[in-house]
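Whatever order the structure lists ligands and atoms in, that order sets their numbers, starting from 1. Numbers here are sequence positions counted from 1.
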Amino acid sequence: MNADLHCHSTVSDGQLAPREVARRAHAGGVTLWALTDHDEVAGQAQARSEAQALGMRYVNGVEISVTWASRTVHIVGLGIDPSNPALVAGLFSTRDGRAARARAMSDALAELGIEGAYEGALAFVSNPDLISRTHFARFLVEKGFAASTADVFERYLGEGKPGFVPHRWASLEHAVAWIREAGGVAVVAHPGRYKYTPLEFDTLFGQFLDLGGKAIEVVTGSHTPDQFREYAEVARRFGFEASRGSDFHAPGEGRTELGKLPPLPSDLTPVWERWL
Ligand code: AMP
Ligand code: MN
Ligand code: MN
Ligand code: MN
């Protein structure tokens with residue numbers, strides 16, 4: 001089983017259409033796939049039909065932006081019904097505010113001498129409801145302000161950097177509730193990316209379990225091999241199921257290709273067992 005349960009398309013901040021991501025996943029050897037666009041499920045039907053045409057199993061997915069203890073956490077929902085009204089309304093409210101935030105980011109960048117970032121980022125956007133920092137990053141790279149999108153986050157758009165604009169996303173309670181009401185399983189995405197203290201991490205994982213969250217990503221394109229081991233241990237300690245996903249966004253961007261990560265440690269329970 002080569003499961004890749006986290007990646008993006010042009011429906012959010014990826015650069016390939018859902019059907020193209022499906023083809024790339026299949027070419028990369030993926031046998032069980034989920035497209036998990038940020039705060040949006042508009043790509044699910046296309047992703048599923050292309051996956052099935054290729055003979056790949058498909059699980060519906062989404063990645064919800066959450067604010068917890070004043071920082072952003074991403075919660076992946078797998079096996080959701082994308083037409084569930086609570087989920088649809090929740091995602092709508094989560095997307096709301098991205099446009100105003102993008103204007104504020106553009107203003108912050110203008111103060112640094114980078115003009116026209118809003119319009120520049122928009123040129124990279126396919127879904128106007130889903131303008132994200134990634135689109136700004138691509139614009140800044142294009143204009144030569146940074147060498148790569150990772151470099152943009154390091155210098156301008158990461159938390160606390162001069163172009164960063166704080167934003168309030170969904171609550172953890174709401175995000176997990178929407179996923180569960182839509183019949184899905186909630187998964188903490190790439191925990192190694194969050195800058196919490198050990199105590200905050202334990203509180204986050206405890207609350208997530210209490211809310212009915214089930215799994216964490218252990219093997220993800222956002223983790224180093226040391227973090228695969230670290231979060232495998234967290235999964236054992238809290239009794240979480242484990243997930244695996246590249247977090248693929250675009251060819252040549254980021255560390256990982258679809259389907260190419262190492263397998264989960266064999267003693268962990270894969271979150272996908274329920275869909276086999
Ligand atoms: P937003 O939802 O607008 O805050 O944008 C978040 C997106 O920015 C993430 O989903 C990633 O695609 C991208 N991102 C965040 N941090 C980094 C980073 N350090 N390097 C590259 N991409 C990043
Ligand atoms: Mn992204
Ligand atoms: Mn994420
Ligand atoms: Mn992602």
Go through ligand 1 atom by atom and flag the ones less than 4.0 Å from a non-hydrogen atom of R101.
1 (P), 3 (O), 4 (O)
Return the residue, atom name and 0.1 Å-rounded distance of the protein heavy atom closest to atom 12 (O) of ligand 1.
H249 NE2, 2.8 Å
Of the backbone atoms (N, CA, C, O) and the side-chain heavy atoms from C-beta on, which set of R193 has a member under 4.0 Å from an atom of ligand 1: side chain, backbone, both, or neither?
side chain
shortest atom 19 (N) of ligand 1-to-protein heavy-atom contact is with F153 CB, 3.5 Å
Min side-chain heavy-atom separation F240-E217 under 4.5 Å:
no
What are the two closest non-hydrogen atoms of K260 and R244, and how far apart are they?
C-NH2, 4.3 Å
Under a 3.5 Å cutoff, is there a donor and acceptor pairing between the side chains of D247 and T220?
no
Quick one: which ligand 1 atoms are inside 4.0 Å of a heavy atom on A150?
20 (N)
Where do K214 and V271 land on the side chain to side chain contact (heavy atoms under 4.5 Å, CB included) test, with the steps shown first?
CA-CA 8 Å; K214 287 273 185 276; V271 67; 5.5 Å; no
Quick one: are I131 and Y118 in side-chain contact, heavy atoms under 4.5 Å?
yes
Interfacing atoms of ligand 1 (cut-off 4.0 Å, heavy-atom, T134):
7 (C), 8 (O), 11 (C), 12 (O), 13 (C)
Shortest protein contact, atom 2 (O) of ligand 1 (heavy atom only)
R98 NH2, 3.0 Å
Would you mind reporting whether W68 and Q207 have side-chain heavy atoms less than 4.5 Å apart?
yes
Under-2.8 Å protein N/O/S neighbours of the Mn ion (ligand 3), ordered by chain then residue number
E63 OE2, H74 ND1, H190 NE2
Close side-chain approach of V41 and N60, heavy atoms under 4.5 Å:
no
Given the rule in the salt bridge (charged side-chain N to carboxylate O under 4.0 Å, His left out) test, do E20 and R23 qualify, once you have shown the distances and angles that lead to the verdict?
CA-CA 5 Å; E20 296 169 323; R23 289 186 200 130; 5.4 Å; no
So for H38 against ligand 1, with non-hydrogen atoms under 4.0 Å, the contacting part is side chain
State which residue, out of W272, W33, W275, fulfils the ring-ring contact (aromatic ring centres under 6.0 Å, His included) condition with Y58.
W33
Per-pair distances, 0.1 Å, donor-acceptor, side chain in residues 181-193, under 3.5 Å, sequence neighbours excluded:
unit_1 : atom_1 : unit_2 : atom_2 : d
H190   : ND1    : Y194   : OH     : 3.2
H190   : NE2    : E63    : OE2    : 3.3
R193   : NH1    : S222   : OG     : 3.2

Using heavy atoms and a 4.0 Å limit, tell me yes or no: is E63 in contact with ligand 1?
no
Checking salt bridge (charged side-chain N to carboxylate O under 4.0 Å, His left out) for the pair E159/R71: CA distance, chi angles, key distance, verdict?
CA-CA 9 Å; E159 220 164 278; R71 292 182 189 276; 2.6 Å; yes
Can you tell me which portion of H167 lies within the under-4.0 Å heavy-atom range of ligand 1? Options are side chain, backbone, both, or neither.
neither
Can you tell me which portion of D13 lies within the under-4.0 Å heavy-atom range of ligand 1? Options are side chain, backbone, both, or neither.
side chain
In this structure, atom 6 (C) of ligand 1 is nearest to the protein heavy atom R133 NH2, 3.8 Å
Between H135 and D13, is the side-chain hydrogen bond (donor to acceptor under 3.5 Å, both in side chains) condition met? List the steps.
CA-CA 7 Å; H135 302 114; D13 59 349; over 6 Å; no
